[in-house]
Amino acid sequence: MGRVLITGGAGFLGSHLTDLMLSHGHEVIGMDNLLTGDPANIAHLAGRDDYQFIKHNVTNYIYVDGPLDYILHFASPASPIDYLQLPIQTLKVGSLGTHKALGLAKEKGAVFLLASTSEVYGDPLVHPQPESYWGNVNPVGPRGVYDEAKRFAEAITMAYCRFHGVETRIVRIFNTYGPRMRLDDGRALPAFMCQALRGEPLTVFGDGTQTRSFCYVSDLCAGIYQLMTSDVKEPVNIGNPAEITIGQFAEKVIELVGGGSEITYQLLPEDDPKVRQPDITRAQELLGWAPTVDLSDGLQRTLDDFRGRLSLGASES
Ligand code: NAD
Ligand code: UDP
């Protein structure tokens, strides 16, 4: 089935993609410097013949022995808290890291898939966002380090496609959630779920009217697999179009967890997008993909995982 390199392989998405690739019979090499990832995400793979882990910072030259059929480039801090604390690393992995991973794809004749993001649309003036929208990004704002790194990554990916003939794919991932998200990564879902489980108030930023559209991780991975094995070179949005305000999202988490936490309102971070919803027409038409897991089901599965890890943490401390 082919040999796959996954950069960022010890992260939330990288580890789920690893499981999916292995289940399809691929051999997987996970590469990660553990900047925001967690070895616990890949602990269950220890001892497998079809998996190996290489600890490496992909902003430096990447060496992999033997053939590679696919490179999935997922290395990058991804939560706003992470990339605000790691601005230079975020810019470097999106630019230098993508350059190194593309060079490796050219050398090995591998299909290269870039994990891009809905953040390339910035604070969007078109709603929902189709791939044809060029975005509204503040290059010098705090989020610019992530957004512009990903926009550069898309540009260099297309240059390697056009100039070097590398087989490239670009997935624009919209907010994805599920088991293995870092409990303290600061994104809305881990923040709200941990707060609700601890009986603390949920911290809604701004007035909570900003919207997001949350996709369950298995749906996202299925879409990425479809894209990886297709011949679609243009960017493809993968996400769940079910849009919800952050205030409603917080209420939904409280209802699911129980315990009656309150909501407190805090300052909205600078340049926080007011709306976000994927137009998935292209994914539906070119890949035959659409999400299947609704928010209540996905949240329940995520809650089971969070409960387990929180109680483990409590019993260890
Ligand atoms: P994550 O932080 O869990 O995973 C990222 C992984 O990359 C981590 O394991 C980290 O240690 C590793 N990494 C970072 N810099 C590295 C470097 N220089 N060398 C090697 N490894 C490095 O985040 P995630 O949510 O799994 O995101 C994975 C990818 O998907 C990112 O590229 C992110 O931009 C993209 N993405 C995610 C979402 C989402 O909702 N989760 C949305 C849009 C895009
Ligand atoms: N958010 C919030 N409280 C939190 C964390 C996030 O209200 O504790 C808001 C954040 O301001 C944004 C939305 O939830 O409007 C989604 O934030 P997240 O960090 O999950 O991802 P983003 O979509 O902004 O990249």
Side-chain angles (χ1 to χ4, degrees), residues 12 77-85 87 90 117-130 133-148 150 172-178 181-216 237 239-280 291 294-300 302-303 306:
F12 162 50
S79 99
I81 281 198
D82 286 345
Y83 58 73
L84 296 182
Q85 280 169 358
T90 302
T117 167
S118 52
E119 283 282 322
V120 298
Y121 303 122
D123 189 4
L125 305 176
V126 170
H127 190 67
Q129 295 78 54
Y133 178 49
W134 293 350
N136 177 41
V137 171
N138 174 4
V140 294
R143 295 175 89 104
V145 298
Y146 181 68
D147 302 8
E148 296 295 7
K150 291 290 185 179
R172 290 187 181 152
I173 301 169
F174 282 66
N175 295 64
T176 299
Y177 69 100
M181 290 186 94
R182 229 174 59 238
L183 301 175
D184 62 351
D185 86 356
R187 286 186 264 201
L189 181 130
F192 292 166
M193 213 167 250
C194 288
Q195 289 161 346
L197 282 165
R198 292 178 177 129
E200 297 166 0
L202 272 63
T203 51
V204 167
F205 299 160
D207 62 5
T209 55
Q210 71 273 31
T211 70
R212 294 295 186 271
S213 308
F214 294 94
C215 182
Y216 190 66
N237 289 338
N240 191 323
E243 187 183 16
I244 185 169
T245 70
I246 290 301
Q248 289 166 336
F249 187 59
E251 279 162 17
K252 203 164 169 64
V253 172
I254 292 172
E255 191 188 306
L256 180 77
V257 175
S261 285
E262 310 269 296
I263 291 180
T264 58
Y265 294 90
Q266 301 192 353
L267 218 57
L268 190 68
E270 199 178 331
D271 295 335
D272 197 284
K274 286 179 265 314
V275 289
R276 187 181 287 155
Q277 183 188 33
D279 178 334
I280 60 163
D294 76 22
L295 188 58
S296 299
D297 280 355
L299 284 178
Q300 184 59 58
T302 310
L303 178 60
F306 273 53

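Worth saying up front: this structure is predicted, and the values here are computed from it rather than measured.
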**Atom pair CD1/CG of Ile244 and Asn175 - distance to nearest 0.5 Å** = 12.0 Å

**Asked** Is the backbone N or O of Val137 less than 3.5 Å from a side-chain atom of Glu148, with the two atoms forming a donor-acceptor pair by type?
**Response** no

**Message:** Please check this pair: side chain of Asn237 against backbone of Phe174, looking for a donor-acceptor N/O pair closer than 3.5 Å.
**Reply:** no

**Prompt:** Among pairs that include at least one residue of residues 256-269, which meet side chain to side chain donor-acceptor pair (under 3.5 Å), considering only residues two or more places apart or in two chains?
**Reply:** none

**Option from His127, Arg172, Arg276 for which side-chain hydrogen bond (donor to acceptor under 3.5 Å, both in side chains) with Tyr121 holds** = Arg172

**Request:** Calculate, to the nearest 0.5 Å, the distance between atoms CG and CG belonging to Asp147 and Asn138 respectively.
**Result:** 9.0 Å

**Request:** Could you tell me whether Arg143 and Glu119 have a side-chain N and a carboxylate O separated by less than 4.0 Å?
**Result:** yes

**Prompt:** So, do Pro142 and Asp271 sit near enough that their side-chain heavy atoms are less than 4.5 Å apart?
**Reply:** yes

**Asked** Between the side chain of Thr211 and the main-chain N/O of Glu243, is any donor-acceptor distance below 3.5 Å?
**Response** no

**Request:** Answer yes or no: is there a side-chain heavy-atom contact under 4.5 Å between Pro291 and Ile280?
**Result:** yes

**Message:** Is there a side-chain contact (heavy atoms from CB on, under 4.5 Å) between Ser296 and Lys252? Walk through the geometry before answering.
**Reply:** CA-CA 8 Å; Ser296 299; Lys252 203 164 169 64; 2.9 Å; yes

**Prompt:** Distance from Asp279 atom CG to Tyr133 atom OH, nearest 0.5 Å?
**Reply:** 13.5 Å

**Prompt:** From Thr302 OG1 over to Met181 CE, what is the distance, rounded to the nearest 0.5 angstrom?
**Reply:** 8.5 Å

**Item:** Where Gly208 and Thr245 come nearest, the two heavy atoms and their spacing
**Value:** O-CB, 3.3 Å

**Asked** Of the non-hydrogen atoms in Tyr83 and Ala78, which two are nearest, and what is the gap between them?
**Response** CE2-O, 3.6 Å

**Item:** Check against side chain to side chain donor-acceptor pair (under 3.5 Å), Thr203 and Gln195
**Value:** CA-CA 8 Å; Thr203 51; Gln195 289 161 346; 2.9 Å; yes

**Asked** Would you call the rings of Phe249 and Phe214 parallel, tilted or perpendicular, where under 30° means parallel and over 60° means perpendicular?
**Response** parallel

**Request:** Please round to the nearest 0.5 Å and tell me the distance separating atom CG of Leu295 and atom CG of Leu189.
**Result:** 8.5 Å

**Complete:** Shortest non-hydrogen pair, Tyr216 vs Gly178, comes out as CE1-CA, 4.0 Å

**Asked** So which heavy atom on Gln277 is nearest to which on Ser213, and how close?
**Response** CA-OG, 3.3 Å

**Residues Arg212, Asp272; criterion salt bridge (charged side-chain N to carboxylate O under 4.0 Å, His left out); working and verdict** = CA-CA 11 Å; Arg212 294 295 186 271; Asp272 197 284; 3.0 Å; yes

**Prompt:** Any side-chain heavy atom of Asp184 sitting closer than 4.5 Å to one from Ile81?
**Reply:** no

**pair Pro124-Val275: side-chain heavy atoms closer than 4.5 Å** = yes

**Request:** Indicate yes or no: at least one non-hydrogen side-chain atom of Tyr146 is less than 4.5 angstrom from one of Asp82.
**Result:** no

**Request:** Looking only at non-hydrogen atoms, find the nearest pair between Ala250 and Leu202 and report the distance.
**Result:** O-CD2, 3.5 Å

**Asked** Taking atom CG of Asp294 and atom CD of Gln300, what is their separation to the nearest 0.5 Å?
**Response** 11.5 Å

**Item:** Leu299 side chain near Tyr177 side chain, heavy-atom distance below 4.5 Å
**Value:** yes

**Complete:** Of all heavy-atom pairs linking Phe306 and Leu197, the shortest is CB-CD1, 4.0 Å

